[in-house]
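Since we're looking at a predicted model, the values are computed, not measured. Computed from heavy atoms alone, side chains included, the values below leave out hydrogens, waters and symmetry copies.
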Amino acid sequence: MAARRPPASRLQAELARKILRLLKDQDVEPGHHLVELDLCAAFGVSRTPVRGALKLLAAEGIVASRGGRGFVLAKMPVLAEDQESTGEDEEDQRLFEALAAARSSGALADQFTQQEVVRRFGAKLATVMRVLRHLGELGLVERKPGNGWAFVPDPARILNESYAFRRALEPQMLLQPGFRLDRGWAERARAQHTKLRKKPWRAGDGAGFHAVNAEFHEQLARCSGNRAMLKAVQRQAQLRDFLIGQWDYPMEQVHSAIDDHLEILAALEAGYADKAAALMLHHLTQSQSQNEAA
């Protein structure tokens, strides 16, 4: 009969949790080598408790021993705090979309209270407050004295200001010294765009293109290697989600955007960053003109 493994000490269990959080923050992949000295320095402890924590993780199949050469990450588990955060994110997204739809249809007045949102949409107060704070950060709502909120007037101006900001930002992100095109993604994006360009047009296809369009711009921002630019592009996408996410783009506008995207990809793949930046500026200017005319 195999001997029972002694229970983990409190220090080992705490260190194991901290190691997992560190690996999660570093966004490492399975196969990543865990260096004991680095972990000792990160947490201010000796090798003995670190080794104990790694053996605890090995017993759970999270890390694997390399036969006297340390440990490597075998799999990254979903942490309890991540599960809680994911649940909150899903609740926030549902309320965000519900508020956007209600505002687009005219069912939500210019001024409202958080309690009204709780009652009307069956949301938790904590969820309502998170979403309203986020909308405030996007410049879409303002808090009034007391518990009241109000939408910022003139959404057309907000959208135009967004386009002006994007015209300054997105061509430049293609010119960043750290820009590295993800060619695997570029191939997948070309195939997706080409398929959409050729498919028979149906009602609702324009609204479906919104997510494809947002993903294209976000992925290019990610290729820039500039985290500030990526975050800015993501925020602008969220703003458009709220203001025009339900809009069914006409076929001609979708096809025009697809053609622009494919041209930008071709220029980047050929190594012509300057050309790609000029094409991006033209694409955003044309998109703004089409939206204003709609």
Side-chain angles (χ1 to χ4, degrees), residues 85 88-118 120-121 123-173 207 209-211 213-222 224 226-249 253 257 280-281 283-294:
S85 176
E88 289 184 353
D89 290 344
E90 291 175 352
E91 291 176 2
D92 292 357
Q93 185 61 29
R94 284 195 293 270
L95 180 59
F96 182 94
E97 292 173 357
L99 290 172
R103 183 61 176 166
S104 176
S105 66
L108 192 58
D110 292 342
Q111 298 186 22
F112 57 92
T113 65
Q114 56 210 36
Q115 286 83 3
E116 177 184 350
V117 175
V118 169
R120 183 167 179 176
F121 297 95
K124 301 173 184 175
L125 180 58
T127 303
V128 171
M129 295 308 300
R130 284 195 305 270
V131 172
L132 291 179
R133 281 195 297 268
H134 182 55
L135 292 177
E137 292 169 357
L138 293 176
L140 294 169
V141 300
E142 294 176 336
R143 189 160 193 168
K144 297 165 61 81
N147 63 355
W149 295 79
F151 282 101
V152 175
D154 200 356
R157 178 180 175 180
I158 295 174
L159 195 57
N160 284 334
E161 290 174 347
S162 173
Y163 270 112
F165 176 63
R166 293 178 64 203
R167 288 200 307 272
L169 169 69
E170 295 195 36
Q172 285 301 313
M173 73 189 188
F209 178 68
H210 183 79
N213 180 62
E215 194 263 350
F216 177 82
H217 289 271
E218 180 176 333
Q219 286 296 334
L220 288 181
R222 187 168 281 108
S224 75
N226 187 306
R227 290 173 294 181
M229 287 183 164
L230 172 60
K231 182 170 286 189
V233 168
Q234 290 171 331
R235 286 173 65 88
Q236 294 305 306
Q238 292 168 349
L239 186 149
R240 295 195 308 281
D241 278 344
F242 195 89
L243 293 177
I244 59 175
Q246 308 296 318
W247 185 36
D248 193 1
Y249 293 88
Q253 186 170 346
M280 179 64 80
L281 179 60
H283 168 59
L284 294 171
T285 302
Q286 180 173 265
S287 296
Q288 180 177 9
S289 298
Q290 291 170 334
N291 284 333
E292 288 175 344

task = Please test Glu97 against Gln93 for side-chain hydrogen bond (donor to acceptor under 3.5 Å, both in side chains), starting from the C-alpha separation and ending with a verdict.
result = CA-CA 6 Å; Glu97 292 173 357; Gln93 185 61 29; 2.9 Å; yes
Does the side chain of [Y] come within less than 4.5 Å of [X]'s, by heavy atoms?
| X | Y | answer |
| --- | --- | --- |
| Leu140 | Leu243 | yes |
| Leu132 | Phe112 | yes |
| Arg222 | Gln234 | yes |
| Phe242 | Leu135 | yes |

Self-check item: Check ion pair Arg103-Asp110 (N to O, under 4.0 angstrom)
Solution: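 A salt bridge links Arg103 with Asp110.
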Once rounded to the nearest 0.5 Å, what's the spacing between atom [atom1] of [X] and atom [atom2] of [Y]?
| X | Y | atom1 | atom2 | result |
| --- | --- | --- | --- | --- |
| Leu95 | Phe121 | CG | CZ | 7.0 Å |
| Met129 | Thr127 | CE | OG1 | 11.0 Å |
| Glu142 | Gln111 | CD | CD | 10.5 Å |

message = Give me each pair satisfying salt bridge (charged side-chain N to carboxylate O under 4.0 Å, His left out) with a member in residues 161-172, each pair once, sequence neighbours excluded.
response =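 Qualifying pairs: Arg157-Glu161, Arg166-Glu170.
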- Item | Worked check of side-chain contact (heavy atoms from CB on, under 4.5 Å) between Leu108 and Arg120 | CA-CA 10 Å; Leu108 192 58; Arg120 183 167 179 176; 3.7 Å; yes
For His217, the ring-ring contact (aromatic ring centres under 6.0 Å, His included) test, sequence neighbours excluded, returns His261, His283
Might you point out which heavy atoms bring Val131 and Asp92 nearest each other, and give the distance in Å?
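Minimum heavy-atom separation between Val131 and Asp92: CG2-O, 3.6 Å.
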- Would Met280 and Gln172 count as a side-chain contact (heavy atoms from CB on, under 4.5 Å) if you check the C-alpha gap in whole Å, the side-chain angles of each, and the deciding distance to 0.1 Å? CA-CA 9 Å; Met280 179 64 80; Gln172 285 301 313; over 6 Å; no
